[in-house]
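Structure first, commentary second.
Heads up: numbering here begins at 1 and tracks the sequence.
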Amino acid sequence: MQKGLNMASADARDGDGRRASLLYDPSVRAYAYQALTVLVVGWLIWQAWSNAAENLARANMTAGFGFLSGRAGFDLGQALIAYSSDSTFARALTVGLLNTLLVGVLGIITATIVGLLIGIGRLSKNWLIARLCTIYVELFRNIPPLLVIFFWYKGVLSILPDFRAIRAGVEKAKAADPSVGDPLFIISNRGISFPAPIFQPGFGAVWIALAAAVLGAVGFTLWANKVQAATGKRPPALLVSVALIVLLPLAVFFAAGQPIAFDYPVLGRFNLSGGGLISPEFLSLYLALSLYTASFIAEIVRAGIRGVPSGQFEACSALGVRSDRAMRLVILPQAMRIIIPPLTSQYLNLIKNSSLAVAAGYPDLVQVGNTILNQSGRAIEVIAIWMIVYVTISLVTSVFMNWFNARMALRER
C-alpha cells in the first residue's frame, strides 16, 4: 500500500517534471481528511459540553465527578469485591463494572462453545441432530433477548422450590434417618447455593503451578504445530495439555497439604446462610445472553464451514482421516478466516446487551449507574461514564479479535 502511495505521489507532477499541487498528492489528502475529521469531532464535543455547562449554570447546578466520593447509601445483590452501603459511588460503579465484565466474559465463552456445537450439528448427516439444531437456531434467533431474560427469570427460576419447602423436606429426612446431613448444593428460587472455597496459606503454590501448566500447554501446542507443519504428524497436543493443566496443580495441591477449606450453606429458619450463592438474576441474564448469542454464532460457524472448498473434505476422506480430526485440524482452521470477523460483532452485541440486566434486577453498570443518577441527579456525568466504559470495552474487544484474526490468517508457503 505504501509503495502504491509513493508511486501515486511520484505521478503527481506536471508536464515539466515539477511537483504539482499538494492537493493532488493522495497521502497529503489522506492526512488532511483525517485532521479535518478530528477537528470537526472535537468542535462538536466542545459545542455539546459548552451547551451543557451553560444550561447547568442557568439552573444553578455544577458539573464534575466529585460526587463519586460521596456515600452510596444502597446495597447491591452481588459484589465481587468488598462493598457496603457506606461505600462510595465510585466503589458502587466499580462493582457494577465487574458484574458486567463477569456476565460478558462467561457469556462469550458459553455462547462460543454452544454456537460452535450447534453450527457443526446443523451440518450433521444425522437427520435428528441437524433438525434439532435448526429448531434451536430459528427459535432463539427470532425472539428478542429481553423476552428470553423474562423466560428464564419468571418462567424457570422463579418457580423453583422455596427454601422453606426444601428445609421442611430436609428436616423430615433427618427425622427418619438422623445420619442425613444438610445438602451440599441447594437449588431454590433464591438461586444456587454451593460450598464456598476458603483458600488457606500455601494455596498460592497451586496457582503458580496452574499458571506454569497453562504456559507449558501453550508451548507444547506451538511445538506440536511446528512438528505437524514439518512432518505431517501431530503429537497428542490436546491430551498433553489437559494432563498438564489437571495433574500438575493437583500434585502441588496434595504436596502442599490440601490448603483449602469450605464454607457450607446452612438452611436457617428464615433464610440461607453460609456458602456461596449464584443469584437467579445473574443466571437469567447469563443464560439468556449466552443462548441467544449462540444462535447467531451457530449460523456464522455454519457459513464458515460451508465456505471451505468441498475438496478439502474429500481429500481428508481419501487419506483416511477421521471426520472429527479433519474438522478440528483441517476444516475449522480454514473456516476461521470467515468466522472471526462477524464473530467480533456478536461478542460486542453480547456485552452491550448486558445492559438489559435492569429487567432482572442484576446490579450491572447500567443499573448501578441508574441508582446513582436518581440519588445524585448527575445525569450528564453518569451517562458519560456509561459511554466511556462501553466504548473502552468495545475497543479492547475489537483490538484483541483483530489480533487473533491476524494470528489465525492462512499464510501461503
Check: [X] side chain, [Y] main-chain N or O, donor-acceptor pair, under 3.5 Å:
X      : Y      : result
Asn349 : Ser345 : yes
Asn370 : Val366 : no
Thr397 : Leu348 : no
Thr371 : Gln367 : yes
Thr110 : Gly107 : no
Asn405 : Met401 : no
Thr231 : Gln228 : no
Ser87  : Tyr83  : no

Working to the nearest 0.5 angstrom, can you tell me the gap between [X] [atom1] and [Y] [atom2]?
X      : Y      : atom1 : atom2 : answer
Gln334 : Ile331 : CD    : CD1   : 6.0 Å
Leu97  : Leu102 : CG    : CG    : 11.0 Å
Phe404 : Leu343 : CZ    : CG    : 9.0 Å
Ser398 : Trp403 : OG    : CH2   : 15.0 Å
Ser284 : Phe151 : OG    : CZ    : 11.5 Å
Leu139 : Thr134 : CG    : OG1   : 12.0 Å

> So which heavy atom on Pro235 is nearest to which on Phe220, and how close?
Replying inline: CB-CZ, 4.2 Å
> How far apart are the closest heavy atoms of Ser354 and Leu285, and which atoms are they?
Replying inline: O-CD2, 4.1 Å
Any chance [atom1] of [X] has more than 12 other-residue heavy atoms, nucleotides or ligands included, within less than 6.0 Å?
X      : atom1 : answer
Ile187 : CD1   : no
Arg306 : CZ    : no
Phe199 : CZ    : yes

List the residues meeting side chain to side chain donor-acceptor pair (under 3.5 Å) with [X], not counting sequence neighbours, and say none if there are none.
X      : value
Arg322 : Asp324
Thr112 : Tyr347
Tyr136 : none

>> For Asp162, give me all partners under salt bridge (charged side-chain N to carboxylate O under 4.0 Å, His left out), at least two apart in sequence or on another chain.
In response: Arg164
> Taking only residues two or more places apart in sequence or in another chain, which ones pass salt bridge (charged side-chain N to carboxylate O under 4.0 Å, His left out) with Arg131?
Replying inline: none
Who are the side-chain contact (heavy atoms from CB on, under 4.5 Å) partners of [X], not counting sequence neighbours?
X      : answer
Phe185 : Phe194, Pro195
Thr37  : Val41
Asp75  : Ser85
Ile109 : Val105, Ile113

Give every donor-acceptor pair under 3.5 Å between a side-chain atom in residues 254-263 and any protein atom, sequence neighbours left out.
from, atom 1, to, atom 2, distance (Å)
Asp263, OD2, Gly275, N, 3.2

Does any non-hydrogen side-chain atom of [Y] lie less than 4.5 Å from one of [X]?
X      : Y      : result
Val382 : Phe67  : yes
Ile118 : Val137 : yes
Ile385 : Leu68  : yes

>> As a quick check of understanding, evaluate side-chain contact (heavy atoms from CB on, under 4.5 Å) for Leu365 and Asn99, giving each step before the final call.
In response: CA-CA 7 Å; Leu365 179 67; Asn99 289 340; over 6 Å; no
Indicate every side-chain donor-acceptor pair of residues 288-305 with a distance under 3.5 Å to a residue at least two apart or in another chain.
from, atom 1, to, atom 2, distance (Å)
Ser290, OG, Tyr286, O, 2.7
Thr293, OG1, Leu289, O, 2.8
Ser295, OG, Tyr292, O, 2.6
Glu299, OE1, Arg122, NH1, 3.3
Glu299, OE1, Arg302, NH2, 3.1
Glu299, OE2, Arg122, NH1, 2.4
Glu299, OE2, Arg302, NE, 3.2

> Checking side-chain contact (heavy atoms from CB on, under 4.5 Å) against Val391, which of Ile393, Leu395, Ile388, Val389 comes through?
Replying inline: Leu395
Taking distance alone, no hydrogens or angles, what donor-acceptor pairs closer than 3.5 Å link side-chain atoms of residues 202-214 to residues at least two apart or in another chain?
none

> Where do Leu157 and Leu283 land on the side-chain contact (heavy atoms from CB on, under 4.5 Å) test, with the steps shown first?
Replying inline: CA-CA 8 Å; Leu157 299 176; Leu283 281 175; 3.7 Å; yes
